[in-house]
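What follows is a set of notes on a single structure, which appears directly below.
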Amino acid sequence: MDRLPAGVSAISGQQIAATGSVDIGRTVGQLAGVQTTNLGPGRDKLLIRGLSDGAFTGRTRSTVGTYLDEAPINYNAPDPDLRLVDLDRIEIIRGPQGALYGSGALAGVYRIVTRKPELETVSAGLAGSLAATKGGDESYEVDGYINLPIVPGRLAARLVAYSDLQGGYLDNISLGLANVDQTRRNGGRLALRAQISSTWRLDIAGATQNLHSNDTQYVTVASGKTSRPSAGTPPIRTNSVREAHNNDFTYGGATIQGDFDWGSLTSSASYVHHVYSSQYDASATLADNFVVRTGDIGAYFEAANADMLIQDLVLRSPGAGRFNWLVGVYTARTVERTPSSLKILSVGPLVTTAYTESRKDRRVEYAVYGEGVYDFAEGWSATVGGRVFENRVHTKSDVAVTLPYDSRSFDRTRTFQGFSPKIALQKEFQSGDLIYALVSEGYRSGGFNSSGLFAIAARRATFAPDRLSNYEIGAKFRRLDNRLNVRASAYVNDWSNIQTDQYRPSGLAYTANVADARIVGLEAEASYDWPFGLSLQVNGMFADSRIRNANADFAAQVTGALPGVPKVSAGLLAAYQRSLTEELTLRLIGEANYIGPSSLSFNASLSPKMGQYLRARLSAEIVADTWRAAAFVSNPFNDTGDTFAYGNPFSFGQLRQATPQRPRTFGVRLAANF
């Protein structure tokens with residue numbers, strides 16, 4: 001992949017295990033320009049290259065396509081936060097990838113590649129860790145795998161299972177509860193590989209995960225203070241309702257691959273069932289919108305039940321000769337049901353339903369795509385590709401709301417069609433160095449708004465498609481017998497009609513086209529391996545965005561830059577390894593990741609600052625042939641920097657919100673392979 005004309009990176013399974021990167025949030029510091037929000041486990045969205053449509057998660061399709069092996073696993077949902085265990089690698093492709101990956105890859109692709117069953121070898125592994133957080137509860141993690149050849153050389157199975165608990169560390173003084181933000185996660189995978197013949201192979205896989213958080217992980221900050229919690233001040237909550245969250249994920253898929261004289265065929269079919277729900281304290285919105293009594297409490301519940309069916313068929317040339325090609329046919333069908341309700345809890349106890357919405361979205365996508373690569377001179381090649389697509393959206397919604405508002409129904413259908421091109425030119429030198437120029441595009445289809453206490457004005461009932469054009473140059477260098485590797489790229493992005501999820505004063509969500517933007521960025525990654533056992537990886541990104549042609553109907557004043565991402569971010573990973581005896585090796589690892597300041601929202605009048613903090617982790621490990629033992633500390637300086645200035649849409653703008661880092665945490669981990 002590092003020979004592609006694009007900003008490509010990978011993290012090996014060995015590095016993921018060594019750094020304790022058990023979820024996406026812990027990998028981002030190792031990758032230039034890759035970040036996440038920090039609302040809480042199973043609630044976050046992934047961002048690449050500073051291409052942010054805002055920090056909130058709503059109806060807009062994700063800007064980053066997340067893949068589990070060959071299957072796209074997200075649409076507009078928050079990241080499922082799959083535990084990264086028993087992986088082969090993580091792959092990142094930056095920049096719009098609409099030509100090959102379609103609508104969900106406006107900013108790039110994040111691909112989780114699992115380890116596949118081994119046809120000849122019986123193996124197993126088990127690992128576990130315990131950790132203690134300053135001022136919080138203990139945490140644990142346990143995971144294991146087993147690989148079993150069923151018919152040696154022909155059929156094998158691989159089973160992975162895991163369970164973890166993140167102890168809470170925030171206190172709710174209103175409810176008199178300590179460490180309210182505990183999260184449990186359980187899941188596993190089962191994979192089968194059948195070598196049908198010397199040229200045909202079938203992979204069948206299934207995965208499931210259940211994630212439950214007792215509460216969100218933001219705190220409230222005293223009025224007049226910055227959103228950065230004070231060092232030494234206990235992080236507290238003041239909510240009247242527990243803000244629990246569930247994120248349940250199920251996947252099943254099959255991929256068949258075969259070779260012919262003229263090339264190869266890969267056909268992947270997958271099914272994703274994703275159910276997630278959240279509850280919020282909505283008390284702050286009651287007095288402004290409903291007739292209530294003093295002491296009444298508002299509780300808002302929202303859920304989503306999404307089913308995705310995807311079929312992707314790809315034909316490829318054999319890879320020999322000066323011209324190579326691929327052609328693909330893609331179909332996807334998504335059905336999403338999203339019930340929501342706002343209830344008023346009065347003394348008595350009496351529960352009144354003030355607002356409910358029952359919404360159903362059907363989305364169907366068809367696409368034909370392809371690209372050709374021609375080596376027209378020594379070391380020179382040109383790539384031309386594109387995707388022709390059609391997306392159909394059908395939305396039905398029934399809203400029931402108490403007086404003085406009117407109940408209503410909504411039923412609309414729209415079809416979106418288009419073409420997403422890609423053109424690249426690259427030169428590969430005999431030394432292995434590579435330079436390239438790339439023009440690519442990404443897109444997202446439009447959709448509908450239906451939520452709200454009032455009937456929606458016609459101009460706000462729909463949101464239009466957006467499109468991002470990318471102009472990029474890059475270089476990849478290898479020096480000193482491949483001990484030094486450098487990748488750098490500079491890019492200019494024109495983003496038109498940006499879709500963004502926002503909240504009305506009532507706290508209910510809507511989607512709008514906010515503005516156009518131009519983004520100028522520079523990113524770089526470098527690694528160097530010293531012969532005495534020290535290796536160093538550094539990365540950094542600078543992204544400067546400028547908002548243009550703001551939609552006057554969106555807000556009184558729009559921010560001058562894209563929200564949710566900093567101009568500057570950087571990461572460092574240092575690892576030192578030396579032999580202690582013939583059987584034992586010492587491994588020391590240190591990580592640091594800096595996130596610069598940024599604003600939260602496109603609305604300049606309601607956009608608290610966040611960021612400007614450092615994340616760090618240190619570990620020491622003794623490694624033998626069949627076992628490993630490690631001790632680690634995360635956030636060793638006990639930094640309280642605000643990682644995310646948002647938590648509750650119903651008090652957003654009324655109370656200053658912040659999400660501090662998890663306090664200093666010490667832990668130990670043991671692992672064994674059999």
To the nearest 0.5 Å, how far apart are CD1 in Ile24 and CD1 in Ile90? 7.0 Å
Is Asp516 reaching over with its side chain to a backbone N or O of Asn497, donor-acceptor style, under 3.5 angstrom? yes
Which of these passes side-chain hydrogen bond (donor to acceptor under 3.5 Å, both in side chains) with Gln30: Gln537, Glu525, Gln15? Gln15
Could you tell me whether Leu425 atom CG has more than 12 heavy atoms of other residues or ligands within 6.0 Å of it? yes
Got a second to check how far Leu468's CG is from Leu51's CG, nearest 0.5 Å? 5.5 Å
Decide whether Ser213 and Thr183 meet the rule of one side-chain donor and one side-chain acceptor closer than 3.5 Å. yes
Flag for Ser601-Asn603: side-chain donor and acceptor within less than 3.5 Å: no
Do the charged groups of Asp529 and Arg483 touch, with an N to O distance under 4.0 Å? no
For a quick test of reading the model, state the closest non-hydrogen atom pair linking Ala6 to Lys476 and the distance between them. O-NZ, 3.1 Å
Looking only at the side chains, is there a donor atom on one of Asn74 and His274 sitting less than 3.5 Å from an acceptor on the other? no
Centre of Tyr491's six-membered ring, under 6.0 Å away, within 45 degrees of the axis: is that where NZ or CZ of Arg49 sits? yes
Roughly how far, to the nearest 0.5 Å, is the OG atom of Ser489 from the CD1 atom of Ile435? 14.0 Å
Would a distance-only check, ignoring hydrogens and angles, find a side-chain to backbone donor-acceptor pair under 3.5 Å from Asp181 to Tyr169? yes
Any heavy-atom pair between the side chains of Arg89 and Ile11 that's under 4.5 Å? no
Thr216 and Tyr280: side-chain donor and acceptor closer than 3.5 Å? no
Within a strict 4.5 Å, meaning less than it, do heavy atoms of the Lys422 and Val439 side chains meet? no
Please evaluate residues Tyr510 and Phe463 with respect to the criterion ring pair (Phe, Tyr, Trp, His ring centres under 6.0 Å), reporting the C-alpha separation (whole Å), side-chain torsions for both, the decisive distance (0.1 Å), and the verdict. CA-CA 9 Å; Tyr510 72 102; Phe463 56 92; 9.9 Å; no
Can you see whether Asp466 engages Trp495 through a side-chain donor-acceptor pair at a distance of less than 3.5 angstrom? yes
Out of curiosity, Asn485 CG to Arg478 CZ, how far, rounded to the nearest 0.5 Å? 6.0 Å
Can you tell me if Asn470 and Glu441 form a side-chain donor-acceptor pair at under 3.5 Å? no
Test ring pair (Phe, Tyr, Trp, His ring centres under 6.0 Å) applied to Phe652 and Phe56, step by step: CA-CA 12 Å; Phe652 178 58; Phe56 311 130; 5.7 Å; yes
Phe429 atom CZ: more than 12 heavy-atom contacts under 6.0 Å: yes
Using 4.0 Å as the upper bound for N to carboxylate O, is an ion pair formed by Glu591 and Arg615? no
Locate the shortest heavy-atom distance separating Ile473 from Ala437; write the atom from each residue and the value. CG2-CB, 4.2 Å
Can you name the nearest heavy-atom pair linking Ala592 to Leu614, along with the distance? CB-CD1, 4.2 Å
Side-chain ion pair, Arg518 and Asp544, N-O less than 4.0 Å: no
Atom of Ser619, atom of Ala18 and distance for their closest heavy-atom approach: OG-O, 4.3 Å
Does Glu365 come within less than 4.0 Å of Arg61, counting only side-chain N to carboxylate O? yes
Quick one, Thr511 and Phe448 - any side-chain contact, counting heavy atoms below 4.5 Å? no
Is there a side-chain contact between Leu536 and Val538, using heavy atoms and a 4.5 Å cut-off? yes
Phe389 and Phe416: ring pair (Phe, Tyr, Trp, His ring centres under 6.0 Å), yes or no, with the steps? CA-CA 8 Å; Phe389 62 88; Phe416 304 92; 9.2 Å; no
Any heavy-atom pair between the side chains of Thr63 and Ile48 that's under 4.5 Å? no
Applying the side-chain hydrogen bond (donor to acceptor under 3.5 Å, both in side chains) test to Lys45, which of Thr36, Asp53, Thr37, Asp501 qualifies? Asp53
Quick one: does Arg111's side chain have a donor or acceptor within less than 3.5 Å of a partner on Thr66's backbone? no
Can you find a pair of side-chain heavy atoms, one from Leu438 and one from Tyr471, that are under 4.5 Å apart? no
Any heavy-atom pair between the side chains of Lys427 and Tyr436 that's under 4.5 Å? no
Taking C-beta and beyond as the side chain, do Leu508 and Tyr503 meet within less than 4.5 Å on heavy atoms? no
Looking at Asp639 and Asn635, would you say the former's side chain and the latter's main chain have a donor-acceptor pair under 3.5 Å? no
Does Arg237 count as lying over the ring of Tyr218, i.e. NZ or CZ under 6.0 Å from the six-ring centre, within 45 degrees of the axis? yes
Is Arg387 positioned over the aromatic face of Tyr330, cation under 6.0 angstrom from the ring centre and no more than 45 degrees off axis? yes
Can a cation-pi geometry be assigned to Arg617 and Phe632, taking NZ or CZ under 6.0 Å from the six-membered ring centre and within 45° of the ring axis? yes
Is the backbone of Gly446 close enough, under 3.5 Å, to the side chain of Arg414 for a donor and an acceptor to pair up by distance? no
Return the CZ to OG distance between Arg363 and Ser103, rounded to the nearest 0.5 Å. 10.0 Å
Exam field: side chain Gln97 to backbone Val64, donor-acceptor pair closer than 3.5 Å: no
To the nearest 0.5 Å, atom CG of Asp433 lies from atom CZ of Phe477 at 5.5 Å
